[in-house]
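My questions will all concern the structure given below.
Computation of the quantities below employed the complete heavy-atom set of this structure, encompassing side-chain atoms and omitting hydrogens, waters and symmetry-equivalent molecules.
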Amino acid sequence: MEILKSNPYQIEPLMTTDKIDLRNFNKEQLQQWISALGHSPYRGRQIFAWLYRPGITDFQQMTDLPQQFRDELQESAFISSLPIAAQEVSTDGTIKYGLQLHDGLLIESVLIPEEERNTLCISSQVGCAMGCAFCLTGTMGFSRNLTPAEIVGQISAIQRDLSQRQAGRITNIVFMGMGEPLANFDNLLTALAIIMDELGLHFTNRSTTVSTCGLAPRIIELGKRFRVNLAISLHGADDETRNKIMPVNLTYPIAEVLEACRQFPLPSGKVLMFEYILLAGINDSVGDAQKLAALLKGVPCKINLLPCNEAPEIPFSQPSRNRVYAFQDVLRKAGYTVLIRISRGADISAACGQLANKSKQEQKGV
Ligand code: SF4
């Protein structure tokens, strides 16, 4: 791993301040905050646009604001950014970034370069409380939610790194890093508003994907606020199997999750994505594939099959190639679009379900 700081995993606060981080506001919230200071909401809109221009870290750079107003902002607010503490490049070109938070904790984001796009997988929490049995992030436990500024800060920091290396632009955002985004709901909503605002980070809803393990009521709530792509971590075709590997299923069983999915308004022309990790001997038989085909009947969707990434901490193994193809075959014959997702970045622990293990161990001094 290329370490950019002498000890990026040390748990020491970078900064403590009583000032307000303006990157925690979406445009409307910022306009309200500026109004409460006695200024025109238009100023809030102006500042919001500055916040997401490349290289803006200081109010003095906002040259169309009166000097006195800039000084006033300086007194009460600041503009956060996330330093890149560590960076690791996979043999397949995937880059895993370690980003340091103000309290010294570390999160990970993964950039997946492809021919025509650069997808950034971002985190929504430090650790995760959902406890999925096949996921290393789940074994970390939960530390805290990320703020909106920390969620969008991952995108700004990594875009800055790409620009410095003239390596192109991030084209797609997926919430598939550390954490369950719908368990950090209010901050997710604020972050999505910033990500998709044309004065903010300006990603389209078609290039933004929220992934969830199945918090059914929040899927419905999210659909009332935003029309974005939705990915469901399904990983089991019946409640009995899913209960064993995903504790969330005890609260929100499959039927409830699918009902919430049916109500979710996707961007036009888009379909639901179901993620299905294949665990040898647990959920990978032809019978499981037949159950899955029957379960999703009539749901416009794509299915991604993810052969399990083995790790010493995880009590599961990867099915044989023949078993994976046989599973795919059943679904294809039933008329589904099914992709076997080759794990990107597995050699640097950046593949699905592998995030944060190493950093957490190093935070603990393991
Ligand atoms: Fe959390 Fe997602 Fe891992 Fe489940 S798979 S423990 S929801 S990060």
Problem set entry | Taking every non-hydrogen atom, the tightest pair across Phe134 and Ile245 | CE2-O, 3.9 Å

Exercise. Within the distance-only criterion (no hydrogens, no angle test), does the side chain of Gln29 pair as donor or acceptor with the backbone N or O of Asn26 below 3.5 angstrom?
Worked result: yes

Exercise. Got more than 12 heavy atoms from elsewhere within 6.0 Å of CD, Gln68?
Worked result: no

Exercise. Can any side-chain N or O of His235 pair as donor or acceptor with the backbone N or O of Glu275 at less than 3.5 Å?
Worked result: yes

Seminar exercise, completed: Across all chains, not counting sequence neighbours, the side chain to side chain contact (heavy atoms under 4.5 Å, CB included) partners of Thr209 are Val174, Met176, Asn229, Ala231, Met273

For this session: May I ask you to check whether over 12 heavy atoms, not counting those of Arg53, lie within 6.0 Å of atom CZ?
Result: yes

Problem set entry | Note, Glu180 side chain near Val248 side chain (heavy atom, < 4.5 Å) | no

For this session: Compare all side-chain heavy atoms of Met246 with those of Met130 and state whether any distance is below 4.5 angstrom.
Result: no

Problem set entry | ring pair (Phe, Tyr, Trp, His ring centres under 6.0 Å) partners of Tyr52, counting only residues at least two apart | Phe48

Problem set entry | Minimal non-hydrogen separation, Leu230 against Ile219, with atom names | CD2-CG2, 3.8 Å

For this session: For residues Gly131 and Pro247, report the shortest heavy-atom separation together with the two atoms involved.
Result: O-CD, 3.4 Å

For this session: Working to the nearest 0.5 Å, report the span between OH of Tyr276 and CD1 of Ile303.
Result: 10.0 Å

For this session: For the residue pair Asp64 and Trp50, establish whether any side-chain heavy-atom pair is separated by less than 4.5 Å.
Result: yes

For this session: Nearest 0.5 Å please: distance from the CG atom of Leu272 over to the CG atom of Leu296.
Result: 9.0 Å

Exercise. Can you list every salt bridge (charged side-chain N to carboxylate O under 4.0 Å, His left out) pair that touches residues 159-168, not counting sequence neighbours?
Worked result: Asp161-Arg165

For this session: Kindly indicate whether the side chain of Asp21, heavy atoms from C-beta on, has any atom under 4.5 Å from the side chain of His102.
Result: no

Exercise. Rounded to the nearest 0.5 Å, what separation is found between the OG atom of Ser109 and the NZ atom of Lys96?
Worked result: 11.0 Å

Exercise. Out of curiosity, does Phe142 fall in the hydrophobic cluster containing Leu136 (side-chain heavy atoms, cut-off under 4.5 Å, transitive links)?
Worked result: no

For this session: For the pair Leu278 and Leu306, evaluate side-chain contact (heavy atoms from CB on, under 4.5 Å) and give the outcome as yes or no after the intermediate values.
Result: CA-CA 6 Å; Leu278 287 163; Leu306 312 149; over 6 Å; no

Problem set entry | Derivation of the side-chain contact (heavy atoms from CB on, under 4.5 Å) call for Thr212 and Leu222 | CA-CA 11 Å; Thr212 177; Leu222 178 66; over 6 Å; no

For this session: Heavy atoms only: give me the nearest Ala85-Leu106 pair and the separation to one decimal.
Result: CB-CD1, 3.9 Å

Exercise. Would a distance-only check, ignoring hydrogens and angles, find a side-chain to backbone donor-acceptor pair under 3.5 Å from Gln60 to Gln74?
Worked result: no

Exercise. Under the 3.5 angstrom rule, does the side chain of Gln154 hit a backbone N or O of Glu150 as a donor-acceptor pair?
Worked result: yes

For this session: Check whether any side-chain heavy atom of Leu292 sits under 4.5 Å from a side-chain heavy atom of Leu234, and report yes or no.
Result: yes

Exercise. Do the side chain of Arg227 and the main chain of Asn205 share a donor and acceptor less than 3.5 angstrom apart?
Worked result: no

Exercise. Asp239 side chain to Ile254 main-chain N or O, any donor-acceptor pair under 3.5 Å?
Worked result: yes

Problem set entry | salt bridge (charged side-chain N to carboxylate O under 4.0 Å, His left out) against Asp238, all qualifying residues, sequence neighbours excluded | Lys291

Exercise. Are Asp92 and Ser90 close enough, and set up right, to give a side chain to side chain donor-acceptor pair (under 3.5 Å), and what steps lead you there?
Worked result: CA-CA 5 Å; Asp92 65 21; Ser90 161; 2.8 Å; yes

Problem set entry | For Ser163, side-chain hydrogen bond (donor to acceptor under 3.5 Å, both in side chains) partners two or more places apart | Gln159

Exercise. What residues form a side chain to side chain contact (heavy atoms under 4.5 Å, CB included) with Ile20, not counting sequence neighbours?
Worked result: Leu22, Phe25, Trp33

Seminar exercise, completed: In this structure, CG of Leu51 is separated from CD1 of Ile56 (nearest 0.5 Å) by 9.0 Å

Exercise. Within the side chain of Arg218, is there an N or O that forms a donor-acceptor pair under 3.5 Å with the backbone of Leu182?
Worked result: yes

For this session: Please identify each residue that fulfils side-chain hydrogen bond (donor to acceptor under 3.5 Å, both in side chains) with Asn187, with sequence neighbours left out.
Result: Asn184

Check residues 259-268 and write down every donor-acceptor pair under 3.5 Å in which the side-chain atom is one partner and the other belongs to a residue at least two apart or another chain.
unit_1 : atom_1 : unit_2 : atom_2 : d
Glu259 : OE2    : Gln263 : NE2    : 3.3

Seminar exercise, completed: Smallest heavy-atom separation, Pro319 atom then Asp284 atom, equals CB-OD2, 3.3 Å

Exercise. Is a side-chain donor or acceptor of Thr171 paired with a backbone partner of Arg117 at a separation under 3.5 angstrom?
Worked result: no

Exercise. Has Arg45 got more than 12 heavy atoms of other residues, nucleotides or ligands less than 6.0 Å from its CZ?
Worked result: no

Exercise. Among the clusters formed by ILVMFWY side chains lying less than 4.5 Å apart, do Ile340 and Val271 turn up in the same one?
Worked result: no

Exercise. Backbone N or O of Pro253 within a donor-acceptor pair of the Arg242 side chain at under 3.5 Å?
Worked result: no

Exercise. Does Ser80 offer a backbone N or O that forms a donor-acceptor pair with the side chain of Arg23 under 3.5 Å?
Worked result: yes

For this session: State the CG-CD distance between Asp103 and Gln100, to the nearest 0.5 angstrom.
Result: 9.0 Å

Exercise. Phe203: what forms a ring pair (Phe, Tyr, Trp, His ring centres under 6.0 Å) with it, not counting sequence neighbours?
Worked result: none

Exercise. In this structure, are over 12 heavy atoms from other groups packed under 6.0 Å from Arg341 atom CZ?
Worked result: no

Problem set entry | Hphob cluster co-occupancy, Val126 + Phe185, side-chain heavy atoms under 4.5 angstrom | yes

Problem set entry | Hydrophobic cluster identity match, Val324 and Tyr336, side-chain contacts under 4.5 Å | yes

Seminar exercise, completed: Taken to the nearest 0.5 Å, the spacing of Asp288 CG from Thr241 OG1 works out to 5.5 Å

Problem set entry | Asn249 and Asn243 side chains, donor-acceptor separation under 3.5 Å | yes

For this session: Can you sort out the partners of Arg225 under side chain to side chain contact (heavy atoms under 4.5 Å, CB included), two or more places apart, ordered by chain and number?
Result: Leu189, Glu221

Exercise. Below 4.5 Å, heavy atoms only, C-beta onward: do Leu192 and Ile151 meet side chain to side chain?
Worked result: no

Problem set entry | Geometric class of the Phe69/His39 ring pair [parallel <30°, tilted 30-60°, perpendicular >60°] | tilted

For this session: Please answer: with hydrophobic residues joined when any side-chain heavy atoms are less than 4.5 Å apart, are Leu37 and Tyr42 in the same cluster?
Result: no

Problem set entry | Beyond-backbone contact of Tyr252 with Cys213, side-chain heavy atoms, under 4.5 angstrom | no

For this session: Could I get the full list of side-chain hydrogen bond (donor to acceptor under 3.5 Å, both in side chains) partners for Ser207, not counting sequence neighbours?
Result: Thr204

Problem set entry | Set of side-chain hydrogen bond (donor to acceptor under 3.5 Å, both in side chains) partners for Ser233, sequence neighbours left out | none

